[in-house]
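One structure is given below, encoded as structure tokens.
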Amino acid sequence: MDMQKIEKKWQKKWQEIDLAKIDRSKLDKKMYILEMFSYPSGSKLHVGHWYNYGPTDSYARFKKMQGYEVFQPMGFDAFGLPAENYAIKTQIHPKDSTEQNIDTMHKQLQKIGAIFDWDAEVITCREDYYKWTQWLFLQLYKNGLAYRKEAPVNWCPSCHTVLANEQVQQGGCERCGTTVVKKNLTQWFFKITDYAEQLLIGLDRLDWPEKTKLMQKNWIGKSTGAQVQFRCESGDILDIFTTRIDTIFGVSYIALAPEHPLVQKLTARDIQRNVEHYIDQTATMNEIERLSTTKEKTGIFIGHYALHPLTGKKIPIFIADYVLNSYGTGAVMGVPAHDERDFLFAKRFHLPIQPVIYNESDALPYTEYGKLINSKQFNGLMAEVAQEQILNYLEKRNLGYKKVNYRLRDWLISRQRYWGAPIPILYCPACGIVPVPENDLPVTLPYAVEFKPDGKSPLAKSKEFMHTTCPQCGKPATREVDTLDTFVCSSWYFLRYPDSQNREKPFDSEIINQFLPVDKYVGGAEHACMHLLYARFITKVLYDLKYINFDEPFTSLVHQGLILGPDGNKMSKSLGNVVSPDTFIDQYGADIFRLYLMFGFSYTDGGAWNDDGLKSIAKFLDRIERLITKFLQEEKSKQKNFDITSAEKELLYMQNNAIEQVTKDLEAFSFNTAIARLMEYLNTLQKYDALQRKNYQLLRQSIEKFILLLAPATPHFSEEVWEMLGHNRSIFLEKYPICDKNALIREEVEYALQINSKIKCKLMIASKWRQEEIAEYVQTNTEVLAYTENKPIKKIIIVPNKLINIIL
RNA sequence: GCGGAUGUGGCGAAAUUGGCAUACGCGCUAGACUUAGGAUCUAGUGGUUUACCGUGCAGGUUCAACUCCUGUCAUCCGCACCA
């Protein structure tokens with residue numbers, strides 16, 4: 001079959017009949033199926049995109065045939081760092097290269113033959129979209145969920161530019177190799193931490209992979225403990241957070257994050273230089289290095305003491321890089337006897353290691369709970385009880401309180417870059433921070449801008465952009481020069497699709513409430529903690545602001561696996577193992593490529609690419625075509641034969657078995673097993689076709705059922721053979737077959753017979769027999785008696801339709 | 001390092017609640033058809049050889065373990081400015 005030809009033919013037909021369009025009057029049976037949109041990179045559509053979009057489109061078509069109004073939109077996440085870097089290298093403007101890439105990818109996406117509703121398309125770098133991204137920012141700002149604070153960025157002192165983590169290679173700048181340092185800038189944040197608890201609780205209701213929910217749970221990182229005040233000799237108060245308040249009598253030092261605001265003030269004069277040196281050193285390290293538990297503990301005594309809130313003892317204050325300013329209060333109490341890291345730290349700096357929890361073996365550190373010792377009036381209490389009582393004691397004296405802490409940090413959304421949505425904020429010398437009025441949106445990203453890195457945000461160098469007037473007082477004001485993190489763009493795009501042409505609003509609430517939440521969201525597992533959490537956060541905010549009536553964006557989520565290069569490594573230009581879909585599409589066509597992706601891998605696992613698999617799929621489609629061609633010839637010439645014998649019963653069994661299994665497998669995104677069942681069914685069809693005496697009516701019906709089952713997986717091919725079979729209406733307007741359970745009833749079932757759990761033989765047992773009848777049967781059956789050798793039977797275990805285990 | 005996952009024939013992979021390990025396919029072997037075969041069809045295909053051994057490795061629970069538990073090794077993904 002000429003695949004290229006039929007692809008064009010059917011794609012044109014689908015467009016003519018608006019196959020991808022949803023009937024908006026029938027949204028009560030809607031199915032919003034969404035694949036994560038793609039980034040329009042220069043490397044174009046790759047196998048990973050195909051793997052995401054091809055099989056998911058098959059799922060969408062399957063749902064369509066089941067009678068759902070399927071909405072499957074597609075778009076582009078078009079702002080971001082790569083286009084800007086490409087521009088710096090080539091002088092090609094990010095807008096131009098991005099639009100060019102989108103153009104190419106459109107054509108490539110077209111080839112898949114998916115039922116994408118292109119009228120709903122969303123492109124995040126276009127004004128009509130980022131206008132509403134800016135609107136979203138303003139809603140958060142107005143509701144106290146966007147704020148500014150100082151935060152460190154990676155800074156290359158030689159290029160005078162901010163670097164993404166990705167651009168830092170072994171602590172150096174990827175361009176010039178200069179050691180990267182941390183530099184504080186005032187930046188915008190979204191207060192996602194306000195939603196930490198809701199984001200945690202909401203997970204329970206979601207049909208998401210358990211591992212993803214677990215990862216989000218750990219990412220949010222809820223821990224319950226206590227915040228305790230240590231008064232410094234200077235009089236300053238140091239707040240520390242601990243989950244082990246029961247061990248407070250074992251404190252032998254306090255460790256501050258080197259970035260802690262009190263460090264400068266508390267550091268003793270004579271060691272100031274050493275402390276500064278240590279702080280500088282820490283600024284060159286990333287968090288992964290700092291938190292490594294195998295790295296030797298480092299720190300430095302700052303020459304100041306705090307007083308123990310319960311004993312009044314002097315406690316030395318250190319700074320240590322293993323303490324992060326972003327978690328808790330940026331200060332911890334060191335209890336060496338009962339914490340791994342504190343133990344190593346204390347050994348290194350010869351600090352006292354005082355056990356306060358009893359343990360039999362004396363081995364330290366002992367991190368379990370137990371009975372308190374060396375803890376004054378709390379001695380003898382079990383740790384859990386002691387926690388409450390110590391907390392009570394501290395609360396009464398205003399020295400501490402119970403505290404729930406989250407590992408989740410607020411979302412830093414400022415980027416000192418050009419290719420993003422400008423943050424809609426003005427700075428007025430008189431009025432201060434002024435949000436851009438909604439009527440003035442969008443704040444347009446200027447085209448002619450110097451984006452080469454020279455220490456200034458690119459937008460700061462555009463006079464026309466920078467200078468404006470304050471909407472409140474009318475005096476000159478300047479604009480915020482940072483742009484929004486692209487994760488902001490992608491945190492709400494699924495809300496725009498159903499109403500993407502709306503010029504008045506980001507979306508019409510009534511429409512959006514009908515379409516959403518997304519019924520099936522499909523994308524990579526690498527988004528588990530960031531994109532998927534941000535999208536949930538924004539949804540919850542818009543819910544609280546009453547723009548939408550649902551508070552979770554994605555009811556059901558599936559992660560496709562990663563397709564690796566033929567060598568088993570992740571595809572990358574540097575390894576030269578990138579497989580381009582295009583050459584295979586040209587050779588085999590889109591359906592064979594898609595079907596291979598569905599059959600050759602476990603969908604959620606992915607795996608290494610292999611060319612041979614494609615050939616086998618091509619053969620599979622050839623077999624189908626041959627079967628149908630032969631059938632059509634014979635059907636015309638041969639007499640029809642209507643009786644149903646055992647061969648027909650077997651055919652009907654396999655047909656309905658295939659219907660049942662394929663339906664179940666597609667539902668579960670288990671594409672490889674669905675195709676396997678279809679292959680089995682095709683084998684049965686061929687076996688039946690080889691018989692002399694055939695029931696042509698039944699054979700036609702069986703072949704048609706087969707094609708209907710196959711259609712979602714090979715849409716163009718199936719349309720073509722469907723037409724060959726004499727139909728003149730798209731197969732996707734037909735109903736997906738429904739299993740006739742009666743055809744699956746068999747009179748006898750094969751059981752495995754085990755003696756002492758070892759398989760001995762197979763037995764055919766009437767399927768209507770009860771357990772007692774089976775037990776009686778095996779005890780009198782001569783074949784079974786030969787195995788039991790007259791030994792007494794202790795027990796018979798019968799697993800229905802599976803096995804019989806006789807224990808001697 | 002922390003968090004999450006994965007490990008099954010020569011290869012891609014299957015295996016409801018613990019219940020016949022290796023479905024389906026590739027590859028390979030033999031045969032048929034053919035002027036020809038990298039096409040098609042048929043049969044076989046985990047390993048030693050008649051009874052065992054086999055799901056990364058070492059233990060454990062159970063009548064029964066790929067599946068549950070403990071430990072361990074290897075690989076992959078994420079770690080907050082790649083998206």
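Each chain gets a letter, A, B and so on, in the order the sequences are listed, and its residues count up from 1.
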### Query
Do A/Tyr534 and A/Phe190 make the cut of ring centroids closer than 6.0 angstrom?
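Centroid distance A/Tyr534-A/Phe190: not below 6.0 Å, so no.
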Does any N or O donor sit under 3.5 Å from an N or O acceptor when you compare the side chain of [X] with the base of [N]?
X        : N     : answer
A/Asp485 : B/C81 : no
A/Lys570 : B/C76 : no
A/Gln416 : B/C81 : yes

The side chain of [X] is closest to which nucleotide in this list: [options]?
X        : options             : result
A/Leu803 : B/C77, B/G19, B/C82 : B/G19
A/Arg677 : B/C24, B/C77, B/G4  : B/C24
A/Gln686 : B/C41, B/G3, B/A83  : B/C41
A/Leu408 : B/C81, B/A83, B/A80 : B/A80
A/Lys802 : B/A14, B/A21, B/U16 : B/U16
A/Lys211 : B/G19, B/C82, B/A5  : B/A5

Looking across every strand, which nucleic acid part, if any, lies under 4.0 Å from [X] by heavy atom: base, sugar-phosphate, or nothing?
X        : answer
A/Arg341 : nothing
A/Gly606 : sugar-phosphate
A/Trp219 : base
A/Lys615 : nothing
A/His531 : nothing
A/Ser414 : base
A/Leu214 : sugar-phosphate
A/Asn683 : sugar-phosphate
A/Ile806 : nothing
A/Phe620 : nothing
A/Val168 : nothing
A/Gly80  : sugar-phosphate
A/Gln187 : base

Test: [X] and [Y] ion pair at under 4.0 Å:
X        : Y        : value
A/Glu259 : A/Arg290 : yes
A/Lys664 : A/Glu660 : no
A/Lys191 : A/Asp410 : no
A/Lys183 : A/Glu150 : no
A/Arg677 : A/Glu680 : yes

### Whether over 12 other heavy atoms sit under 6.0 Å from A/Lys95 NZ
no
### Query
Does atom CZ of A/Phe620 have more than 12 heavy-atom neighbours from other groups under 6.0 Å away?
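It does: A/Phe620 CZ has more than 12 such atoms within range.
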[atom1]-based separation of [M] from [N] [nearest Å]:
N     : M     : atom1 : answer
B/U16 : B/U62 : P     : 24 Å
B/G71 : B/A83 : P     : 39 Å
B/A15 : B/U22 : C1'   : 9 Å
B/C53 : B/A14 : P     : 28 Å
B/A74 : B/U8  : C1'   : 16 Å
B/C76 : B/C81 : P     : 25 Å
B/C79 : B/C68 : P     : 28 Å

### Task
For RNA chain B, find the residues of residues 748-758 of chain A with a heavy-atom distance under 4.0 Å and give them by number; none if there aren't any.
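Contacts with RNA chain B under 4.0 Å: A/Glu750, A/Ala752, A/Gln754, A/Ser757, A/Lys758.
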### Query
Between A/Asn165 and A/Asn805, who's closer to the 5' end of RNA chain B by nearest nucleotide?
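Upstream on the strand: A/Asn805.
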### Task
Hey, which sits more toward the 5' end of RNA chain B by its nearest nucleotide, A/Ser616 or A/Leu185?
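Its nearest nucleotide lies further toward 5', so the answer is A/Ser616.
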### Query
Which of parallel (below 30°), tilted (30 to 60°) and perpendicular (above 60°) describes A/Tyr51 and A/Phe601?
perpendicular
### Task
Would you please classify the geometry between the A/Tyr603 ring and the A/Phe671 ring as parallel, tilted or perpendicular, with 30° and 60° separating the classes?
perpendicular
Rounded distance in Å - [atom1] ([X]) to [atom2] ([N]):
X        : N     : atom1 : atom2 : value
A/Asp605 : B/G4  : CG    : C1'   : 14 Å
A/Tyr534 : B/C79 : OH    : P     : 10 Å
A/Phe487 : B/A83 : CZ    : P     : 6 Å
A/Trp492 : B/A83 : CH2   : P     : 18 Å

### Message
With a 4.0 Å cutoff (strictly under), does any side-chain N or O of A/Arg626 reach OP1 or OP2 of B/C41?
### Response
yes
### Closest contact, heavy atoms only, A/His559 versus A/Pro209
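Minimum heavy-atom separation between A/His559 and A/Pro209: CD2-CG, 3.8 Å.
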### Task
For RNA chain B, just give me the dot-bracket, please: Watson-Crick or G-U, both distances below 3.5 Å, ( ) intra-strand, [ ] crossing earlier pairs, | paired with another strand, . unpaired.
(((((((..(((......[....)))((((((.......))))))(((..)))..(((((..]....))))))))))))....
### Message
We want to know whether A/Asp482 and A/Ser457 form a side-chain donor-acceptor pair, criterion being a heavy-atom distance below 3.5 angstrom.
### Response
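Their side chains do contain a donor-acceptor pair, which is all the 3.5 Å distance test asks for.
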### Query
Run the side chain to side chain donor-acceptor pair (under 3.5 Å) check on A/Trp492 and A/Thr133 step by step: do they pass?
CA-CA 8 Å; A/Trp492 76 280; A/Thr133 306; 3.2 Å; yes
